[in-house]
**Student:** 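Okay, here's the structure, questions in a sec.
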Amino acid sequence: PDVSLSSLGIGSSNRAILELPPALTSSSIGSGKMQAASSSSTFKESKESVAKQRNARRARRRAEARGEQPEEPGGCVVLIREDCRLHDNPALHAAAESSVWVLPLYVHDDEDPSPWPVRGAGLWWRHESLKTFDESLASLGSRIIYRKGKLVEQVMDVLLSTGAKSLHFNLQLEPWHHVRDQDLESAAKNLGFEVRSFTAMVMKFEPWEARARKSDGEGPVQERTDPLPAVHGKLAAPPEWPWSLPIEALCYGRTAGRKIPPGFRQFNEKRQAMKEAGVEGDAKEDDWAYEMRRFWPMGEVAAMRRLEEWLKDAAWGCYFPPGLHPKDEVGGRFRADKAWTAMLSPYLRFGDLSPRYVDMRCRQALPFELRQLFLKRVVWRDKAYAQLYRCPDSHSVSIRPMYEQQAWSGTRLALRRWQRGETGFPLVDAAMRQLWKVGWMCNHLRHVTAQFLIEHLDLSWKDGFAWYDYTLVDTDVAINAMMWQMGGHSGIGAWNFVMHPIYAGKKVDPEGNYVRRWMPELRHLPTEYIHCPWEAPVGARISANVLVNGIYWQRVIEDLVAARLVHQRHVIDVRKRFPQYVKPDGNEFIVLSNGQKLNLEVRDDIRENDADNITLMMTPDDPRSSLRRNLGNTKGVHS
């Protein structure tokens, strides 16, 4: 029997439907501070909290009147992971309400079971996030204890040495970390500690949750949980603080080095030693995180402030899709030269910002038609983790097994030029240089650069996954695996478009300002040539100081159509070698472990192609546009 995507809790990411109730009444957008929004649900939580405390006091007085010795709640160790925030932090909130004292603990697990432990730009972000959260806790009279070693051993040591009675933590979402959480809970309970785990890192559902169906059978039920209020007041300290490493001992913040790969090291040992010794150098060149520090404000207050700024832009209409808003005639959130995307992904990834808080603020500040597009993308995080939970090796193995046998003709040199932003195609190069300098690029440019790697350079999605994992501040194994597999034809879903590196540039950067920012060597080129400098007259290039193969790189490939044909033939060859996975209509399926078939869509041109009749469909501007360009019949745009 066949099974649908939504019944697995995954959904098709390009067709997901997010159902929300009518907008709630709220005050104006707010200032971005901790208590930026006040809702009836938050007020209700506060009332319940006061009632719990009052009932606990009454219970103790009744016990004392009966001559009984009431049991003291004791201290609580709260494990810190991707939840560096005071707002909507269930583990910390519950501990603050019910425990005599609270001890926040962060452990660097030397035996992290993840096949892709956080590294590179993501590790730098974690360092800064922990530092900022530690400052927030200091304002409450508390601090983080840092440990390094085996997670279970370090947590048990802190519990036993402090005399704590309970352990709280918010559940992590990766399947290997979920197993580790279960082992930790079992070990703590075996020693007599109370253990409580909480949901805090998703907007709608955790990966392992069964998703109920609506009565009419149309899609899953969307459960809604409003965020908890921020922890405030003083956090009582333990009678005696256990020993702690300084955060610098974790080495997360070591970023000395220039263009560090190959090897994907975190830092250059020689340059790091010079930096720590106080040897003067060029900070801008000798620290690969230099631009990141300048670009990103850190912590939950900064995250909330950015959310409020984006809500104002969204209310004006900047985020709306092209053509659907009178003020948005130029691409909205697809514009590379405008800060109109939310830019919240790293804050959500490392827990500086709660996804449930984002959901609540969007419902308070935006009407349904303005918020649904964005919230659907936040829910993609939940769906990506649901997919990873069911396909735990999807970070390195094709979900559609036949694509593990696909041939790739791309070279290591081409990969290196793509990584460094030296392909000769300005939009691709600008995006890759932005990625290296600040650890981020907008989602539209992630599509452009990913498809250039796969469709034009004919390099495996696994090469792109590894580079994004290293260079993104919002690095996320679940989202990266889902999106790269979709781009590489081997995922649960499929992208039904291919971005053209020149068309896309003219759409998302019409004046060339984005390219000029990240590629100053092209800043003097006239706008009409900024996305295709090879077409500029020799005189114009000389006057702009742009000498192709001198100041700026020659194109890594000159014939985009020929390159696409090479890749397309490799895809067709795989489909012919494994016809058992191809349906009569050209779509594909995989067989699940329970014997059910999961039907999977295939991009239109791949589904229709055979070796003797290859068409190359491409979206010239917007990925949802009904217009498609047949590149074989289009002149003057590829050379």
Side-chain angles (χ1 to χ4, degrees), residues 5 10-16 116 334 345 377 380-381 383-384 387-388 391 394-404 406-410 414-415 418-419 423 425 427-428 431-432 435 441-472 474-501 503-504 508 560 563-564 566-568 570-572 574-575 587-588 590 600-607 609 616-619 622-624 628:
L5 295 173
I10 297 173
S12 177
S13 60
N14 58 344
R15 299 189 176 206
W116 294 90
F334 300 120
S345 53
R377 280 154 178 77
W380 279 0
R381 295 178 68 254
K383 294 182 178 181
Q387 175 175 303
L388 183 67
C391 307
S394 60
H395 51 82
S396 57
V397 178
S398 300
I399 294 175
R400 307 188 194 197
M402 64 181 177
Y403 286 100
E404 280 294 288
Q406 181 175 337
W408 301 93
S409 62
L415 174 62
W418 177 81
Q419 292 171 339
T423 67
F425 291 88
L427 183 68
V428 174
M432 296 306 292
L435 173 62
M441 66 174 98
C442 69
N443 186 60
H444 195 71
L445 293 182
R446 298 186 195 198
H447 282 294
V448 173
T449 54
Q451 291 194 319
F452 188 81
L453 180 78
I454 295 169
E455 300 283 342
H456 294 98
L457 299 183
D458 198 35
L459 284 159
S460 171
W461 64 267
K462 298 176 186 179
D463 295 318
F465 173 94
W467 186 249
Y468 272 27
D469 177 78
Y470 178 66
T471 55
L472 283 169
D474 58 12
T475 177
D476 190 308
V477 63
I479 295 176
N480 279 344
M482 181 176 77
M483 300 304 287
W484 276 102
Q485 289 233 34
M486 288 173 67
H489 318 298
S490 58
I492 295 291
W495 295 346
N496 199 31
F497 55 86
V498 177
M499 301 289 194
H500 190 287
Y503 285 145
V508 303
L560 294 178
R564 285 283 317 279
V566 169
H567 175 75
Q568 200 84 332
H570 289 160
V571 175
I572 292 171
V574 167
R575 287 163 57 84
N587 285 313
E588 298 167 359
I590 57 175
L600 305 172
E601 294 181 347
V602 175
R603 198 175 71 213
D604 292 346
D605 57 328
I606 295 176
R607 187 177 66 247
N609 280 346
L616 299 175
M617 306 303 289
M618 181 174 291
T619 305
D622 185 88
R624 297 175 317 282
R628 304 291 176 185

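Hydrogens, waters and symmetry mates play no part in the numbers below; they use all other heavy atoms, side chains included.
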**Student:** Taking the six-membered ring for Trp and the single ring otherwise, decide whether the centroids of Phe497 and His447 are under 6.0 Å apart.
**Tutor:** yes
**Student:** Show the nearest heavy-atom pair for residues Met402 and Arg575, with the distance to one decimal.
**Tutor:** CE-CG, 4.1 Å
**Student:** Return the minimal non-hydrogen interatomic distance between Leu453 and Ser460, and the atom names on each side.
**Tutor:** CD2-O, 3.9 Å
**Student:** For a 4.5 angstrom cut-off between non-hydrogen side-chain atoms, does Trp418 reach Leu459?
**Tutor:** no
**Student:** How long is the span from the OG1 atom in Thr449 to the CD atom in Gln419, to the nearest 0.5 Å?
**Tutor:** 12.0 Å
**Student:** Applying side chain to side chain contact (heavy atoms under 4.5 Å, CB included) to Leu435 and Trp467, what does each step give before you reach the verdict?
**Tutor:** CA-CA 10 Å; Leu435 173 62; Trp467 186 249; 4.0 Å; yes
**Student:** How close do Pro501 and Val428 get, heavy atom to heavy atom, and via which atoms?
**Tutor:** CB-CG2, 4.0 Å
**Student:** Does Arg400 reach the side chain of Glu588, with side-chain heavy atoms less than 4.5 Å apart?
**Tutor:** yes
**Student:** Between Lys383 and Ile492, is a side chain to side chain contact (heavy atoms under 4.5 Å, CB included) present by the stated rule, with each step listed?
**Tutor:** CA-CA 11 Å; Lys383 294 182 178 181; Ile492 295 291; over 6 Å; no
**Student:** Please examine the side chains of Asp469 and His395, heavy atoms only from C-beta on, and report whether any two atoms are closer than 4.5 Å.
**Tutor:** no
**Student:** Pick out which of Phe465, Tyr468, Trp495 makes a ring pair (Phe, Tyr, Trp, His ring centres under 6.0 Å) with Trp484.
**Tutor:** Tyr468
**Student:** Measure across Asp458 and Ser409 and return the closest heavy-atom pair with its distance rounded to 0.1 Å.
**Tutor:** OD2-OG, 2.6 Å
**Student:** I need the minimum non-hydrogen distance between Val448 and Ala504, along with the two atoms involved.
**Tutor:** CG2-CB, 3.9 Å
**Student:** If I take atom CZ from residue Arg381 and atom CG from residue Asp474, how far apart are they, to the nearest 0.5 angstrom?
**Tutor:** 10.0 Å
**Student:** State, yes or no, whether a side-chain contact exists between Leu457 and Leu415 at a heavy-atom distance under 4.5 Å.
**Tutor:** no
**Student:** Side chains of His570 and Tyr403: closer than 4.5 Å at any heavy-atom pair?
**Tutor:** no
**Student:** Less than 4.5 Å apart, side chain to side chain, heavy atoms only: is that true for Cys391 and Gln485?
**Tutor:** no
**Student:** Are the side chains of Phe425 and His456 in contact, using a 4.5 Å heavy-atom criterion?
**Tutor:** no
**Student:** Rounded to the nearest 0.5 Å, what separation is found between the CE atom of Met486 and the CD atom of Gln387?
**Tutor:** 8.5 Å
**Student:** Rounded to the nearest 0.5 Å, how far does CD1 of Ile399 lie from CE of Met482?
**Tutor:** 10.0 Å
**Student:** Using only heavy-atom distances, determine whether the side chains of Asn496 and Glu601 contain a donor-acceptor pair under 3.5 Å.
**Tutor:** no
**Student:** Would you say the side chain of Thr423 lies within less than 4.5 Å of the side chain of Met432, judging by non-hydrogen atoms?
**Tutor:** no
**Student:** Restricting to non-hydrogen atoms, name the atom on Ser394 and the atom on Trp461 that form the minimum distance, rounded to 0.1 Å.
**Tutor:** O-CH2, 3.5 Å
**Student:** With Ser398, which of Gln406, His489, Glu404 fulfils side-chain hydrogen bond (donor to acceptor under 3.5 Å, both in side chains)?
**Tutor:** Glu404
**Student:** Within the side chain of Asn587, is there an N or O that forms a donor-acceptor pair under 3.5 Å with the backbone of Val602?
**Tutor:** yes
